[in-house]
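Here is the structure we will look at.
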Amino acid sequence: MGPALSLLSGIGDPRDLRSLTPAQLPELAAEIRTFLVQKVSATGGHLGPNLGVVELSMALHRVFNSPDDVIMWDTGHQAYVHKILTGRASGFDQLRQRGGISGYPSRSESVHDVIENSHASTVLSYADGLAKAWQQRGLLGQHHVVAVIGDGALTGGMAWEALNNIAAGDRQVIIVVNDNARSYSPTIGGLAHHLSTLRTTRGYERVLSWGKRTLQRTPVVGRSIFGALHGMKKGVKDIFAPQGMFEDLGLKYIGPIDGHDHAEMEYALERAKVFDGPVIVHAITQKGRGYGPAESDEADRFHGVGVIDPETGEPLSAGGPTWTGVFGDELVRIGHERPDVVAITAAMLAPTGLDRFAAAYPNRIYDVGIAEQHAATSAAGLAFGGMHPVVALYATFLNRAFDQVLMDCALHKAGVTFVLDRAGVTGDDGASHNGVWDLAMLQVVPGLRIAAPRDEATLRRALREAVLVDDAPTVVRFPKGALSPATAAIRTLGELDVLAESGDPEVLIISIGVLAPMAVEVAGRLRAQGIGVLVVDPRWVKPCSSELVDIARNARLVITIEDGIRDGGVGASVSQLLRDHDIDVSVRNFGIPTVFLEQGKRAAILSEIGLTAQDISLLIVETMARRTDLGADETASGSIAN
């Protein structure tokens, strides 16, 4: 690691950390920050959150004995320092790359990782269950359950369901709130205001300590007065630092603690460790700490970065137009024309492109915190009140609100538009962030309509069409990153865009969304083999267009290509549609297998699962050849019989 990182090079295990003297800890913390900037700037990843938890992570591993004591993170993007301290520093050259270490805790990497947590607000439920299991087995007390949760994740309803259950028991669960006032951007909501109040009254304990020292020096009455004041402690705290909210739940509260003070953090955690019951340790941290470009980034403190210059924090490659940017731009235009259009985000204003809408129409944007379920049902309420809400989420996070989409929006025929960013294979962040579930999951929702635009023009058009629907929920989905090249329709067949055609169309290819260029390339390869082909893009993929029935009648083979799970996806719906109309034609569906995809670059993942123009073309050519041979055999047999 070089001479500048001499202490860090000696950390291969938490025991090495515990062998250091308190005087060495600030130097190690500085080395870890240097290491993080060096490595994450070269690969991209979650830089700001991890710069903020260096001392906190060190204190956890000095006080607790992982893996015998379990330390879990919510969300797991703040676990880089945990990985470094548990012997994985050498893997950071391949952070978030195929064959390298994950950007989240990973059970396959280390015994120190118990949950692979990248969907927020879940860790307290894991902790509750683990503590119950250890209590049943007589292990609780010998081993400790430690759940680290960010203040952003604490805004999620599931976290409060878990808190309610944890508080109802007498089991020891140590909850560490990493409070940096941010999830991606600044944390919002009632809980955020409560934690803010606690942050601004950190002098309370010092005042009480001063009072104790002063009064106990007073002869005769001093100790009695202090005892009386100490008896008033909870009431005083409710006035000056209202942590009573936690204590009223039955949770012991320790804090607020300076999360960057090694001694304070270790002392607070030692106190929590010996408390026989559930306890909250409230640590105040600074996201992006120690790295100037991150500290000065008001938007998100370098929450997530691409490849950057480690000295300046500037991106090393200029970014072009993105799907997210086009969505944000078009929604602002729609907002100018439609005062009834409002927007909802679940703590991801800038990442979903809604920051532009918020700047243009600050009274028409609602950030509900990490609360996708609430976002969906609140959107239905807005629709009932005469507004048209646009709910922008990452596709993977809509999974959390399925019941609300089904029962609260679709059942009530609520005109709500869900915009799903990062749909399809996203790659670098691994299994939990791939947005491959929505197309299959939403097929069963009655009345819901799904648009899968293929380029900028069709995205703008789909969004405008979606917000016109006031009697059903609509979904517009698009992938992560740079825009796809424009794929113009050469003509239309009813609602279908024709993207390519040649000869007598023996093969019908139904292209779904962003994979249009791949479908067109497949058509070119088939044309070179003398196979007639027609490529169509329905644009709106649920419900299936009735025009597909008519053009499928004349095809020998129907192909669907989608970047979602094949089982139950658009291809499956097309197959069902054709069966329902007694269309006797072979259908082959290409998409994502029902597996959890490993991290890696999108192109490499698509190649591994056979979702490339070359693989699809080869299978089509082989299929058509077999059918031709079979037809020839049948003709020959018939001739002999005659």
Side-chain angles (χ1 to χ4, degrees), residues 119-121 155-161 188-191 327-328 330-331 334-335 337-349 351-354 357-358 361-423 435 437-452 462-478 540-543:
H119 282 203
S121 311
T155 64
M158 186 174 171
W160 288 90
E161 294 171 13
I188 61 89
L191 174 66
F327 157 66
E330 192 63 23
L331 188 63
I334 292 171
E337 302 163 13
R338 292 270 305 270
D340 62 315
V341 170
V342 296
I344 299 176
T345 176
M348 300 182 72
L349 191 70
T352 58
L354 288 181
F357 190 89
Y361 314 107
N363 295 324
R364 289 158 59 186
I365 184 80
Y366 302 98
D367 188 339
V368 300
I370 301 179
E372 292 85 0
Q373 293 171 301
H374 168 71
T377 304
S378 179
L382 281 161
F384 299 161
M387 309 303 288
H388 190 102
V390 176
V391 183
L393 306 168
Y394 283 3
T396 183
F397 296 138
L398 186 69
N399 302 357
R400 316 187 74 173
F402 174 75
D403 183 67
Q404 286 69 31
V405 173
L406 177 67
M407 293 299 177
D408 301 340
C409 296
L411 177 64
H412 291 85
K413 297 181 171 59
V416 176
T417 295
F418 293 93
V419 173
L420 304 185
D421 199 334
R422 304 198 179 198
W437 320 102
D438 58 299
L439 287 176
M441 177 179 71
L442 296 174
Q443 291 296 326
V444 300
V445 179
L448 180 140
R449 310 173 200 184
I450 304 175
L463 186 60
R464 287 186 171 273
E465 292 169 339
V467 298
L468 290 175
V469 177
D470 61 4
D471 61 352
T474 53
V475 173
V476 179
R477 73 188 304 269
F478 52 80
W540 286 87
V541 299
K542 181 185 185 313

Holding to ring pair (Phe, Tyr, Trp, His ring centres under 6.0 Å), I want the full list of residues that pass it with Phe357, two or more places apart in sequence or in another chain.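 In terms of ring pair (Phe, Tyr, Trp, His ring centres under 6.0 Å), with neighbours along the sequence ignored, Phe357 is linked to Tyr361.
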Please list, chain by chain and in numerical order, all residues satisfying ring pair (Phe, Tyr, Trp, His ring centres under 6.0 Å) with Trp437, sequence neighbours excluded.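 Partners of Trp437 under the ring pair (Phe, Tyr, Trp, His ring centres under 6.0 Å) test: Phe596.
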Heavy-atom side-chain proximity of [X] to [Y] below 4.5 angstrom:
X	Y	value
Pro446	Leu411	no
Val419	Thr352	no
Val475	Lys542	no

So, for [X] and [Y], which heavy atoms are closest and what is the spacing to 0.1 Å?
X	Y	answer
Pro351	Tyr394	CB-OH, 3.4 Å
Ala410	Leu406	CB-O, 3.3 Å
Ala346	Asp367	C-OD1, 4.1 Å
Arg464	Glu337	NH1-OE1, 2.8 Å
Gly415	Pro389	O-CD, 3.5 Å
Met387	Val342	CE-CG1, 3.6 Å

Partners of [X] by side-chain hydrogen bond (donor to acceptor under 3.5 Å, both in side chains), sequence neighbours excluded?
X	answer
Thr396	His119
Thr417	His388, Thr474
Arg400	none

Taking side chain to side chain contact (heavy atoms under 4.5 Å, CB included) as the test, write out the residues that go with Ala440, two or more places apart.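 By the side chain to side chain contact (heavy atoms under 4.5 Å, CB included) rule, Ala440 matches Ile565.
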Check each of Val445, Leu420, Leu442, Val476 against Ile450 using the side chain to side chain contact (heavy atoms under 4.5 Å, CB included) test, and report the only one that passes.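 The option that passes is Leu442.
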Go through the structure and list residues passing salt bridge (charged side-chain N to carboxylate O under 4.0 Å, His left out) with [X], not counting sequence neighbours.
X	value
Asp438	Arg477
Glu465	Arg461, Arg539
Arg338	Asp340

Could you walk me through whether Phe418 and Val405 pass side chain to side chain contact (heavy atoms under 4.5 Å, CB included), step by step? CA-CA 9 Å; Phe418 293 93; Val405 173; 3.8 Å; yes
All pairs passing salt bridge (Lys or Arg N to Asp or Glu O under 4.0 Å) where residues 440-452 contributes a residue, at least two apart: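 The answer is Arg449-Asp471.
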Under 3.5 Å donor-acceptor pairs involving side-chain atoms of residues 368-385, not counting sequence neighbours:
from, atom 1, to, atom 2, distance (Å)
Thr377, OG1, Asp408, OD2, 2.6

How far apart are the C-alpha atoms of Phe478 and Leu463, what are their side-chain angles, what is the distance that settles it, and do they pass the side chain to side chain contact (heavy atoms under 4.5 Å, CB included) test? CA-CA 11 Å; Phe478 52 80; Leu463 186 60; over 6 Å; no
Would you give the length of the straight line joining atom OH of Tyr366 to atom CG of Leu349, rounded to the nearest 0.5 angstrom?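 It is 14.0 Å, given to the nearest 0.5 Å.
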